[in-house]
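This report concerns only the one structure given below.
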Amino acid sequence: MAAASPIAPDNPDDPNGQTAARGFGRALIVDDHPLFCDALALTLRAVAGVIDIDTAHSLAEALARLDTAPLPDLLLLDLDLPDIDGLGGLLRLRAAHPDLPVLVVSSMTEPRLVRASVAAGARGFVPKHSGREIFRTALDALARGETWLPETAQQAAGDEADSVARLAQLTRQQARILDLLCQGRLNKQIAFELSIAETTVKAHVTAIMRKLGVQSRTQAVLIAQQTRFTSFLPEG
C-alpha cells in the first residue's frame, strides 16, 4: 500500500472566513505509515481543532489502546493494516466499541468498498489522496451526526453491503471465532485457543450462522471472505 502525499495544514480560522470543523477533542489514527499519520494529525488540528491525537500502527495496537485508555471522540482507520486487511479490522473495532465513530481513510476507493464500509458501521469514508477541504467537509458532517461519502460512491451499491451489514451484528467474541473458522480451526481448537468450553464455541457458531442467515459453517466463512479487498476489485 502506497502512502498518500502529506496533507499540508491550514489555519483553522483562515482569512477567507472559513470556520474549522468542531466537535472532536480527541482522535486516534490507525495507520501503519508514520509519515501519513503525522500529516493527518496536522490536518486534524488545522481543520477540526483536534488537540489530543494518538496513533496506532496495527489493529492489535489500536484495540489494546482502546481497552486501556480513554476512548477517543473519533477513530480514523486505514483498511490495509499489517495484521488484517479488508473490512475485518473495521468489523472488529465496531464489535468491540459500537458507539465509537469511525472514519475510514483509505487509498483504495472502489465504490462498492466505500458503501460496504458504511454498511459495516463506518460513519464516513475519505480517500487518502483528498485535500484538506475534503477532510474539513467530512469532519463537519460527522460532527453533525451525519454520514459522509465521496461523490463517486453516492450511487454505488452491491450485494457485499448486505453481507457486511450482517457481519457487523456479530459480537467481539463471535467475530474472533469466525476469524478462527476462516483459518480452518475446529471447535476443539477454538475452545483451547480462547480458553472457553467447546459447548460455548458451538453456541457461538450457532449464533453466528443465525445472524448471517446461513445454514453451515462453510457458508459463514464464505460471507466473511467477501470482506477481503479482493472482493472489491473492479471486474475485468
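For the atom pair CZ of Arg136 and OG of Ser130, the computed distance is 14.0 Å after rounding to the nearest 0.5 Å. His97 contributes atom NE2, which lies 6.5 Å from atom CG of Leu63 (distance to the nearest 0.5 angstrom). Taken from CZ in Arg176 to OG1 in Thr171, the straight-line distance is 10.0 Å, to the nearest 0.5 Å. With values rounded to the nearest 0.5 angstrom, Cys37 atom SG is found 11.5 Å from Leu42 atom CG. Between atom CD1 of residue Ile53 and atom CZ of residue Phe24 there is a gap of 12.5 Å, rounded to the nearest 0.5 Å. Expressed to the nearest 0.5 Å, how far CG of Asp31 lies from OG of Ser58 amounts to 11.5 Å.
Annotation for Ala220 and Val214: closest pair N-CG2, 3.9 Å, computed over non-hydrogen atoms. Nearest approach of Gly124 to Leu103, heavy atoms of both residues: C-CD1, 3.3 Å. Contact record, Val164 with Ala116: CG1-O, 3.2 Å, taken as the closest heavy-atom pair. Looking at every heavy atom in both residues, Ala122 comes nearest to Leu90 through CB-CD2, 4.0 Å. Across Ala120 and Ala168, no two heavy atoms sit closer than the pair O-CB, 3.8 Å. When all heavy atoms of Ala60 and Asp83 are compared, the pair lying nearest together is N-OD2, 2.9 Å.
Not counting sequence neighbours, Asp38 has no partner by the side-chain hydrogen bond (donor to acceptor under 3.5 Å, both in side chains) test.
The shortest distance between side-chain heavy atoms of Pro150 and Thr109 does not fall below 4.5 Å. You'll find the side chain of Leu28 reaches within 4.5 Å of the side chain of Leu66, heavy atoms only. The closest side-chain heavy-atom distance from Leu178 to Leu167 is below 4.5 Å. The closest side-chain heavy-atom distance from Leu142 to Thr147 is not below 4.5 Å. Side chains of Ile29 and Asp54 form no contact here, defined as non-hydrogen atoms less than 4.5 Å apart. The shortest side-chain heavy-atom distance between Leu59 and Pro82 does not fall under the 4.5 Å cut-off. Side chains of Pro70 and Arg26 form a contact here, defined as non-hydrogen atoms less than 4.5 Å apart. At a threshold of 4.5 Å between non-hydrogen side-chain atoms, the residues Ser106 and Asp80 do not count as touching.
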Test log, rule side chain to side chain contact (heavy atoms under 4.5 Å, CB included), inputs Trp148 and Arg123: CA-CA 7 Å; Trp148 194 91; Arg123 287 278 302 279; over 6 Å; no
Criterion side chain to side chain contact (heavy atoms under 4.5 Å, CB included) on Leu79 and Met108, from CA distance to verdict: CA-CA 9 Å; Leu79 296 178; Met108 186 172 180; over 6 Å; no
Stepwise side chain to side chain contact (heavy atoms under 4.5 Å, CB included) test for Leu113 and Leu87: CA-CA 9 Å; Leu113 177 61; Leu87 297 177; 3.9 Å; yes
Leu76 and Leu44: CA distance, side-chain angles, deciding distance, side chain to side chain contact (heavy atoms under 4.5 Å, CB included) verdict: CA-CA 10 Å; Leu76 298 97; Leu44 290 176; 3.7 Å; yes
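For Ile51, the CD1 atom sits in a loose shell: 12 or fewer heavy atoms of surrounding residues, nucleotides or ligands are nearer than 6.0 Å.
A donor-acceptor pair is defined here as one N or O able to donate and one able to accept, closer than 3.5 Å; no such pair exists between the side chain of Asp32 and the backbone of Leu81. Listed for the Thr137 side chain is a donor-acceptor partner under 3.5 Å among the backbone atoms of Glu133. In this structure, the side chain of Thr200 does not engage the main chain of Ile196 through any donor-acceptor pair within 3.5 Å. With hydrogens and angles ignored, the 3.5 Å screen pairs no side-chain donor or acceptor of Arg45 with any backbone N or O of Leu40. With hydrogens and angles disregarded, a donor-acceptor distance shorter than 3.5 Å links the side chain of Arg94 to the backbone of Leu100. Side chain of Asp52 to backbone of Ala27: no donor-acceptor contact under 3.5 angstrom is found.
Both Leu71 and Leu77 sit in one connected hydrophobic cluster of ILVMFWY residues. Membership requires side-chain heavy atoms under 4.5 Å apart, directly or through other members.
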Please tabulate, for side-chain N and O atoms in residues 180-194, each donor-acceptor pair with protein atoms closer than 3.5 Å (sequence neighbours left out).
| from | atom 1 | to | atom 2 | distance (Å) |
| --- | --- | --- | --- | --- |
| Gln183 | OE1 | Arg185 | NH2 | 3.1 |
| Gln183 | NE2 | Asp179 | OD2 | 3.1 |
| Arg185 | NH1 | Glu193 | OE1 | 2.3 |
| Asn187 | OD1 | Arg217 | NH1 | 2.5 |
| Gln189 | OE1 | Leu186 | N | 2.8 |

N/O donor-acceptor pairs under 3.5 Å from side chains in residues 201-213, not counting sequence neighbours:
| from | atom 1 | to | atom 2 | distance (Å) |
| --- | --- | --- | --- | --- |
| Thr206 | OG1 | Lys202 | O | 3.0 |
| Lys211 | NZ | Gln169 | O | 3.1 |
| Lys211 | NZ | Gln174 | OE1 | 2.9 |

